[in-house]
Number of protein chains: 2
Amino acid sequence: MNLPPLLQSFVLHFGEMGSRWGINRTVGQIYALLYASSKPLCADDIVEALSISRSNVSMSLRELQAWNLVILKHIPDDRRDYFTTPDDVWQILRTLAEERKKREVDPTLSVLRELLMQTPGSEEERHAQARLAEMQTLIEQLTKWYDDVKHLETEQLATLLNLGAKVTRLLDAKDRIVSLGRRRTEPKTP
Amino acid sequence: MNLPPLLQSFVLHFGEMGSRWGINRTVGQIYALLYASSKPLCADDIVEALSISRSNVSMSLRELQAWNLVILKHIPDDRRDYFTTPDDVWQILRTLAEERKKREVDPTLSVLRELLMQTPGSEEERHAQARLAEMQTLIEQLTKWYDDVKHLETEQLATLLNLGAKVTRLLDAKDRIVSLGRRRTEPKTP
DNA sequence: CTCTAATTTCAGAAATTACTGAAATTTATG
DNA sequence: CATAAATTTCAGTAATTTCTGAAATTAGAG
């Protein structure tokens, strides 16, 4: 591996974290490299930068493409494929969320739904179903929130983040204001 | 493995998903089993239920304890250790979020901070730093939101989830109400 | 259509991770 | 403190995942 020290540290870190994030070392390293590079790289650039085999690069790029984390670019008068990551980190976040949901949450939700359709054959199964139902409810609440929020523009999303827990206070304030308004016009409503 | 069919399907699914979630099969299976069981289980119960070795159970339980996902219980006049998961799925969610943040996000944030302290030695490094800075900003916004929201009670958290994107509309409404109020008392403020 | 560059596929090797059984250690009890 | 039950450790093995090099395929230029 022959990279500027800063880039190398970043790439190595992403490689190490890869396993915790459920991707492998090479995929993590390639993503980090593409993310931090100032221009698109072709497969052979990656082979050289990371000292790994050409076929490994090919398979890892395919994996990154399956995750929609990488963009294919073409350079005039050059038949090779060049790759970058999207510029906008918020867009990257959205993609990551979408793909992880698809791979890590949706299959579980569908298993839960299926198992909750069954008629329990014993007290033990009846209890298990009750627990699965709790899990299902939680996951559905979370995904419903996600489906709602994912359409927001970056600016609105940032606003929502900055609000954080203040939202609940805001909600209280709104309730007070509304009920105040109501009291003025409809004084007899509870 | 000798379990009621429903429980078995659930356990096997968690085992399979394990790799995507960054835990191994056995750990996933044991968690699922404990989660869905109506009473605490001891190590030998798990050995029998999942047909795996006693030492594997021991190591996997240790792993689950490191994640704070499992509770150690004692039954009177029985020296064996019994295990369950917390009852409250919201509490489980909180624990999961906290542990994943600790393992998957914090180390990256600390690497980013360190690399952004360095003086870039080339134009390529300067560009890389700019990209790392974008990533850092995003992660810090997200973790700031998380730190804010994690203290909320379950009920408030559920409220926040139910609001979803409506928060931004609510915020607009509040702005209008406030500026309306201001106009009445301070008509010359822009 | 032919030639060549670029990319992909895939069988096997290498590396890593998970699992087991035996031995060691810890813990509770009389 | 001796004993037995429960649990943990760990070295070796099994299973899985990752990676490579060679061969096959695809795509572009002439």
Side-chain angles (χ1 to χ4, degrees), chain A residues 1 11-34 40-67 70-84 103-104, chain B residues 1 11-12 14-34 40-67 69-84 103-104:
Chain A
M1 194 180 295
V11 163
L12 289 178
H13 173 75
F14 259 63
E16 283 166 26
M17 294 305 284
S19 53
R20 300 197 188 177
W21 299 333
I23 57 172
N24 73 38
R25 184 154 35 97
T26 305
V27 173
Q29 289 182 352
I30 292 180
Y31 182 78
L33 179 64
L34 293 178
L41 303 180
C42 72
D44 285 317
D45 295 337
I46 299 170
V47 166
E48 191 176 359
L50 305 180
S51 310
I52 56 179
S53 74
R54 182 62 184 76
S55 54
N56 194 4
V57 170
S58 177
M59 290 187 304
S60 301
L61 282 173
R62 160 176 291 264
E63 169 98 7
L64 285 171
Q65 282 176 289
W67 278 82
V70 126
I71 296 169
L72 179 59
K73 291 235 159 156
H74 278 112
I75 291 183
D77 299 325
D78 188 333
R79 8 192 314 204
R80 286 172 296 183
D81 292 340
Y82 283 79
F83 298 89
T84 3
R103 289 168 167 76
E104 302 177 10
Chain B
M1 194 180 295
V11 163
L12 289 178
F14 259 62
E16 282 166 26
M17 293 306 284
S19 54
R20 300 198 188 177
W21 299 333
I23 57 173
N24 73 39
R25 183 154 37 97
T26 305
V27 173
Q29 290 184 351
I30 292 180
Y31 183 78
L33 179 64
L34 294 177
L41 302 180
C42 72
D44 286 317
D45 296 336
I46 299 171
V47 166
E48 192 176 358
L50 304 181
S51 310
I52 57 179
S53 74
R54 182 62 185 74
S55 54
N56 194 4
V57 171
S58 177
M59 291 188 302
S60 300
L61 282 173
R62 161 176 292 264
E63 170 98 5
L64 284 171
Q65 283 176 289
W67 278 82
L69 283 173
V70 126
I71 295 169
L72 179 58
K73 291 234 160 155
H74 278 111
I75 290 181
D77 300 324
D78 189 335
R79 14 194 306 207
R80 286 173 295 182
D81 292 340
Y82 283 77
F83 298 88
T84 5
R103 288 168 169 75
E104 301 176 10

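The structure displayed is predicted, hence computed values, not measured ones. Just so we're on the same page: letters track the sequence lines, and every chain starts at 1.
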Asker: Whole-Å distance between D/dA6 P and B/F83 CZ?
Answerer: 13 Å
Asker: With no angle test and no hydrogens, is the base of C/dG21 tied to the side chain of B/S55 by a donor-acceptor pair under 3.5 Å?
Answerer: yes
Asker: Taking any heavy-atom pair under 4.0 Å as a contact, classify A/D81: base, sugar-phosphate, or nothing.
Answerer: sugar-phosphate
Asker: More than 12 non-hydrogen atoms from neighbouring residues, nucleotides or ligands closer than 6.0 Å to CD on A/Q65, yes or no?
Answerer: yes
Asker: Measure the distance from CG on A/N56 to P on C/dA13 and round it to the nearest whole Å.
Answerer: 18 Å
Asker: Using whole Å, what does the distance between atom P of nucleotide D/dA11 and atom CE of B/M59 come to?
Answerer: 13 Å
Asker: Between A/T26 and D/dC19, is there a contact of a side-chain N or O with OP1 or OP2 at under 4.0 Å?
Answerer: yes
Asker: Once you apply a heavy-atom cut-off of 4.0 Å, does B/R62 come out as touching a base, just sugar-phosphate, or nothing?
Answerer: sugar-phosphate
Asker: So, the side chain of B/R103 versus the backbone of A/R20: is there a donor-acceptor pair under 3.5 Å, distance only?
Answerer: no
Asker: C/dT27 P sits how many Å from B/D78 CG, rounded?
Answerer: 17 Å
Asker: Might you point out which heavy atoms bring A/M1 and A/A49 nearest each other, and give the distance in Å?
Answerer: CG-O, 3.0 Å
Asker: Specify the separation, in whole Å, of atom CZ of A/R20 and atom P of C/dT17.
Answerer: 12 Å
Asker: For A/R79, report the nucleic acid contact type (base, sugar-phosphate, nothing); a contact means any heavy atom under 4.0 Å.
Answerer: base
Asker: Atom CZ in A/F83, atom CD1 in A/I46: separation rounded to 0.5 Å?
Answerer: 7.0 Å
Asker: Taking the nucleotide of DNA chain C with the closest heavy atom to each, which residue, A/R25 or A/Q65, is nearer the 5' end?
Answerer: A/Q65
Asker: Could you tell me whether A/N24 contacts a base, only the sugar-phosphate backbone, or nothing, with contacts defined as non-hydrogen atoms closer than 4.0 Å?
Answerer: sugar-phosphate
Asker: What is the separation between atom CG on A/L41 and atom P on C/dA6, rounded to the nearest whole Å?
Answerer: 16 Å
Asker: Using whole Å, what does the distance between atom C1' of nucleotide D/dA14 and atom CD1 of B/I52 come to?
Answerer: 15 Å
Asker: I want to check one thing: is the phosphate of C/dA5, taken as OP1 and OP2, less than 4.0 Å away from some side-chain N or O of A/R80?
Answerer: no
Asker: Which part of the nucleic acid does B/S19 contact within heavy-atom distance under 4.0 Å: base, sugar-phosphate only, or nothing?
Answerer: nothing
Asker: Should we say atom CD of B/E104 is surrounded by more than 12 heavy atoms from elsewhere, each under 6.0 Å from it?
Answerer: yes
Asker: Starting at atom CZ of B/R54, determine the distance to atom C1' of C/dA23, rounded to an integer number of angstrom.
Answerer: 15 Å
